[in-house]
Protein chains: 2
Amino acid sequence: MSSDSHIHLIPIEHKQTACTDCSIRRLALFHGVDEKDLDWTQQYRSNQFTIAPRKEIYRETQSSDYMFTVYHGWVAVYKTLDSGKRQIIRIALPGDMLGFQPDLQAVMTHSAMALSETVLCGFPSKAMPELLRKNLSVARRLTELNARDMNICQSRLLTIGQQSAIERVAFFCSELFHRIKMIYNHQQDTAIHFPLSQEDIGDATGLTKIHVNRTLKTLREMGLMEISSKTLSIHDVNSLCELGNFNPDSVKIHSLY
Amino acid sequence: MSSDSHIHLIPIEHKQTACTDCSIRRLALFHGVDEKDLDWTQQYRSNQFTIAPRKEIYRETQSSDYMFTVYHGWVAVYKTLDSGKRQIIRIALPGDMLGFQPDLQAVMTHSAMALSETVLCGFPSKAMPELLRKNLSVARRLTELNARDMNICQSRLLTIGQQSAIERVAFFCSELFHRIKMIYNHQQDTAIHFPLSQEDIGDATGLTKIHVNRTLKTLREMGLMEISSKTLSIHDVNSLCELGNFNPDSVKIHSLY
DNA sequence: CGAGGGATTGAGATTCATCAATCTATGTGG
DNA sequence: CCACATAGATTGATGAATCTCAATCCCTCG
């Protein structure tokens with residue numbers, strides 16, 4: 001990626017966090033790495049960056065010098081058509097990887113944009129093959145995270161291909177709700193911060209923002225859930241998951257450790 | 001997987017093919033493995049199997065003792081809803097992997113079914129971690145194949161979420177056409193064997209079989225393509241790809257070798 | 001206090017699904 | 001080799017889900 005397309009990524013000069021102290025390591029790439037090796041693996045995390053909401057992290061058809069781990073915030077991964085239509089492929093949350101490609105020459109096949117104030121850990125792509133060769137824990141973990149992303153992508157295909165508007169929205173919100181709760185270990189909460197606009201939800205579920213609005217109204221009237229002032233409140237988790245055919249267990253990362 | 005659910009997989013006792021002679025190795029898991037190591041890696045390919053059309057290879061919610069490489073034939077990978085609706089996630093063709101999971105304990109998150117007379121190479125799941133640890137070429141190749149499957153899955157999401165019926169069908173058929181031509185190196189052919197029913201196409205594109213029928217009729221009348229007696233004939237490749245927003249380059253496996 | 005982006009609602013058009021019937025190709029048993 | 005059975009393909013008619021266009025409202029921010 002040429003440096004001018006990086007203008008949105010602001011390197012954190014001071015107060016970078018240390019991998020040894022990382023509160024979300026159990027979710028991320030260095031889960032499973034021996035404590036004594038963490039200082040060494042951290043060398044491959046060359047920088048942390050902050051990005052403002054709605055700013056691009058990288059763009060389809062361009063190459064990227066980094067792969068990232070989300071440390072804090074929400075990121076939308078999406079593809080666009082020439083017509084301007086946009087499909088959000090997944091929402092990356094703390095611990096999730098962004099922009100890994102085994103082929104360093106290949107250009108990105110999707111774009112990524114911060115949805116909220118976001119902090120990323122950056123790993124120079126060039127050094128990844130070496131890291132994966134020298135530390136098998138990281139290599140295995142990468143495979144796990146890939147497999148989990150794949151499962152999420154496939155489930156999303158099922159939803160969008162075969163479910164109705166209300167089922168898709170129920171699925172989408174259930175998934176994010178459960179992922180957030182797993183990340184922050186707040187099992188008792190019934191509401192989460194939710195920075196997506198109705199248009200974002202539409203781009204993720206394959207619906208127009210107008211139909212999303214009507215669908216959310218229905219869900220509210222059914223007493224299942226409600227979104228207002230960037231907060232998602234779930235009033236009836238079980239019914240919502242059932243409506244969306246969402247299985248809460250599917251958000252777990254099946255880890256070998 | 002309990003053995004009784006394996007009844008459709010018929011082990012080939014005689015005339016198993018050798019990895020050293022494999023005509024599709026450039027596409028498959030052992031691409032990049034040193035010639036001298038192939039006899040050793042082949043030990044991990046414990047069996048070849050044949051499966052009749054429409055027979056299940058493995059099923060969602062069950063575990064599988066094997067992961068597979070498609071050696072010959074067409075395989076549908078799909079998920080189903082309680083309502084009975086089915087979403088075909090991808091079509092696996094010769095060289096493609098099936099059923100790899102990093103966590104041996106985890107159950108399959110999708111089902112797989114042969115669409116034609118199919119031959120699979122079986123790799124016992126239990127031995128995969130050892131193979132990946134001992135041969136880094138295989139490990140790297142697995143990562144490449146995963147990344148490629150991920151790209152295909154994400155492109156499919158874009159199609160199904162954002163394109164119209166005719167665009168989706170055009171995309172779907174273009175993709176399979178180009179993949180088959182790449183596999184068999186028949187760049188000049190304008191027709192391929194195509195074992196899917198119209199209902200299969202519908203399950204892959206998120207449409208009903210009736211609407212698929214009408215869409216195919218339109219594509220035929222537009223002079224773009226035609227399916228008859230299990231043969232897909234492309235009359236105007238460029239227009240078809242353009243209509244479906246399909247990029248022929250996307251089917252290439254970006255290989256490091 | 002004004003501007004602008006998102007949210008909300010209405011009306012009408014379009015796409016696609018559903019239901020139902022017929023047709024065609026393929027394979028099977030007698 | 002024929003009669004029948006069956007699955008897939010085709011067409012028509014109708015209705016529901018979702019999109020598009022347009023207007024208004026509301027909230028936030030400068």
Side-chain angles (χ1 to χ4, degrees), chain A residues 52-55 76 81 83-88 113 115-117 159-173 193-221 225-233 243, chain B residues 52-55 76 81 83-88 113 115-117 159-173 193-221 225-233 243:
Chain A
R54 304 285 147 184
K55 298 295 184 190
L81 290 169
S83 65
K85 288 187 178 176
R86 177 175 83 137
Q87 176 66 41
I88 294 184
M113 183 183 84
L115 292 174
S116 61
E117 200 66 46
T159 319
I160 294 183
Q162 304 298 333
Q163 295 190 283
S164 67
I166 196 167
E167 290 167 341
R168 292 186 220 178
V169 173
F171 181 98
F172 183 73
C173 293
H193 175 64
F194 191 85
L196 280 72
S197 69
Q198 293 183 355
E199 188 167 11
D200 293 332
I201 299 174
D203 288 349
T205 53
L207 302 166
T208 59
K209 58 185 172 185
I210 288 121
H211 202 66
V212 167
N213 183 285
R214 298 195 162 109
T215 304
L216 288 175
K217 185 182 178 185
T218 306
L219 284 165
R220 197 187 320 133
E221 289 169 353
M225 54 162 276
E226 189 168 0
I227 296 175
S228 83
S229 53
K230 303 283 173 212
T231 299
L232 166 64
S233 307
L243 174 60
Chain B
R54 304 285 147 183
K55 297 296 183 190
L81 290 169
S83 65
K85 288 186 176 174
R86 178 176 81 137
Q87 176 67 41
I88 294 184
M113 185 183 83
L115 292 173
S116 61
E117 200 67 45
T159 322
I160 294 184
Q162 304 298 333
Q163 295 189 282
S164 67
I166 197 167
E167 291 167 339
R168 292 186 220 178
V169 173
F171 181 97
F172 183 72
C173 293
H193 174 65
F194 190 86
L196 279 73
S197 69
Q198 293 184 353
E199 189 167 10
D200 293 332
I201 298 174
D203 288 349
T205 54
L207 302 167
T208 59
K209 58 185 173 185
I210 289 122
H211 203 66
V212 168
N213 183 285
R214 297 196 160 109
T215 304
L216 289 175
K217 187 183 178 185
T218 305
L219 285 165
R220 197 187 320 133
E221 288 168 354
M225 53 162 277
E226 189 169 1
I227 296 174
S228 83
S229 52
K230 303 283 172 213
T231 300
L232 166 65
S233 307
L243 174 61

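Hydrogens, waters and symmetry mates play no part in the numbers below; they use all other heavy atoms, side chains included. None of the values given here were measured: they were computed from a predicted structure. Note on naming: letters A, B, ... go to the chains in the order of the sequence lines (proteins, then strands), and numbering restarts at 1 for each one.
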Mind calculating the distance between [atom1] ([X]) and [atom2] ([N]) to the nearest angstrom?
X        : N      : atom1 : atom2 : answer
A:Arg220 : C:dT9  : CZ    : C1'   : 12 Å
A:Ile201 : C:dG6  : CD1   : P     : 13 Å
B:Glu221 : D:dT11 : CD    : C1'   : 12 Å
B:Lys209 : D:dA7  : NZ    : C1'   : 9 Å
B:Lys230 : D:dG8  : NZ    : C1'   : 8 Å
B:His211 : C:dT14 : NE2   : C1'   : 11 Å
A:Gln162 : D:dA17 : CD    : P     : 17 Å
A:Arg168 : D:dC19 : CZ    : C1'   : 12 Å

Considering only [options], which nucleotide approaches the side chain of [X] most closely?
X        : options                : answer
B:Leu207 : C:dA17, D:dT18, D:dT11 : C:dA17
B:Thr208 : D:dC19, C:dT18, C:dC16 : C:dT18
A:Lys217 : D:dT18, C:dT9, D:dG8   : C:dT9
A:Ile210 : D:dC19, C:dA17, C:dG10 : C:dG10

Begin from the C-alpha positions of A:Glu167 and A:Ser164 and carry the test side chain to side chain donor-acceptor pair (under 3.5 Å) through to its verdict. CA-CA 5 Å; A:Glu167 290 167 341; A:Ser164 67; 3.3 Å; yes
Return no unless some side-chain N or O of B:Gln198 is found under 4.0 Å from OP1 or OP2 of D:dT10. yes
When you check the phosphate oxygens OP1 and OP2 of C:dA7, does a side-chain N or O of A:Asn213 lie under 4.0 Å from one of them? no
Find which nucleotide of DNA chain D each of A:Ile166 and B:Arg54 is nearest to by heavy atoms, and output the residue with the more 5' nucleotide. B:Arg54
Could you pick out which residue, B:Arg214 or A:Lys85, lies toward the 5' side of DNA chain D when each is mapped onto its nearest nucleotide? B:Arg214
Checking all strands, does A:Ser164 fall into the base, sugar-phosphate, or nothing category for heavy-atom contacts under 4.0 angstrom? sugar-phosphate
So what does A:Gly202 touch, heavy atoms closer than 4.0 Å: a base, only the sugar-phosphate, or nothing? nothing
I want to check something: taking the side chain as every heavy atom from C-beta on, are A:Phe194 and A:Thr231 in contact at a cut-off of under 4.5 Å?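 SC-SC contact between A:Phe194 and A:Thr231 ruled out.
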Short question: side chain of A:Arg220, backbone of A:Glu226 - any donor-acceptor pair under 3.5 Å?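 Not confirmed, A:Arg220 side chain does not pair with A:Glu226 backbone.
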Search all heavy atoms of B:Asp203 against all heavy atoms of A:Gln162 and return the closest pair with its distance.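 In this case the closest contact between B:Asp203 and A:Gln162 is O-NE2, 3.6 Å.
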Heavy atoms only: give me the nearest A:Ile160-A:Ala204 pair and the separation to one decimal. CD1-O, 3.3 Å
